[in-house]
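Each ligand, and each atom within it, is numbered from 1 in the order the structure gives. Worth knowing before you read on, the calculation uses all heavy atoms, side chains too, and leaves out hydrogens, waters and symmetry mates.
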Amino acid sequence: MSETLLELVDITKSYRDGESNRTILNGVNLKIEKGEFVAIVGPSGSGKSTFLSIAGLLLTPDSGRILLDGNDVTKISGSRRTMIRRKSLGFIFQSHNLLPYLKTEDQLAIVQEKEASERIHIDDLLNELDIADCRGKFPSQMSGGEKQRAAIARAFINDPDIILADEPTASLDAERGRISVEMIRNEVKKRNKAAVMVTHDTRILDLTDRIYRIENGQLVCG
Ligand SMILES: Nc1ncnc2c1ncn2[C@@H]1O[C@H](COP(=O)(O)OP(=O)(O)OP(=O)(O)O)[C@@H](O)[C@H]1O
Ligand SMILES: [Mg+2]
């Protein structure tokens, strides 16, 4: 049985640029196995967020295929696509995107799917991320690092197969950034899931298993 959780095959994407089309992704391939934590680096504007949005079923490629756990989800649209995204994928962004008027426990409870609550308990997750004491706090009462860890907890709450993180350390100092990425790594390894992280931060690359670079619209190793 295949251990591949996410596979992208020959993905292309262009954006309209005035009169012409500008190709951002030009035949990108990526295969991620269970338990892998992969980094994607590359200059600003090279297409990292575009790629992550395609992998996260937020953006449709012009061509190519996306397989989740062996199933081709490229052409699935509408509410089924949303359902797959909610069940199988977890997102972590540069800014935590927590809702200002909700306590941490409620940030998690409102996105938690019923079946997931049988597998993952909010208390366990907050303990693992070392923010148990933030359970009853609003974002305004938490530090930047705590807020980002609450956002990481939210990404993991439905026990997704794949975590997609776009510059998760960008708003944190070096130490807090490293702690957050260590937490992502620990959860991926513990739960035997996969994560793809886009980052500019070379100091945290040692926490990942493989590094890819976007170059001329393609993904290359190292
Ligand atoms: N919706 C859009 N319409 C047109 N052009 C876009 C759109 N989204 C992104 N682009 C362009 O595509 C290119 C790649 O954008 P993308 O956001 O993927 O880059 P990135 O590698 O994530 O950059 P950064 O490191 O700055 O976040 C950029 O030149 C951007 O201006
Ligand atoms: Mg980006």
Discussion item. Between Asp159 and Lys87, does any side-chain N to carboxylate O distance fall below 4.0 Å?
Written reply: no
Worksheet item: Can an N, O or S atom be found in Ser49 less than 2.8 Å away from the Mg ion (ligand 2)?
Response: yes
Worksheet entry | Short N-O contact, Asp206 and Arg185, less than 4.0 angstrom | no
Item to complete: Heavy-atom cut-off of under 4.0 Å around ligand 1: list whichever protein residues fall inside it, by chain and number.
Response: Tyr15, Arg22, Ile24, Pro43, Ser44, Gly45, Ser46, Gly47, Lys48, Ser49, Thr50, His200
Item to complete: Please check if any side-chain donor atom of Thr50 sits under 3.5 Å from a side-chain acceptor atom of Tyr15, or the reverse.
Response: yes
Worksheet item: Leu108 and side-chain contact (heavy atoms from CB on, under 4.5 Å): which partner among Leu102, Ile120, Ile122?
Response: Ile122
Practice prompt. State which residue, out of Lys103, Arg154, Gln148, fulfils the side-chain contact (heavy atoms from CB on, under 4.5 Å) condition with Leu98.
Written response: Arg154
Worksheet item: Does the side chain of Thr12 come under 3.5 Å of the side chain of Ser63 through a donor N or O and an acceptor N or O?
Response: yes
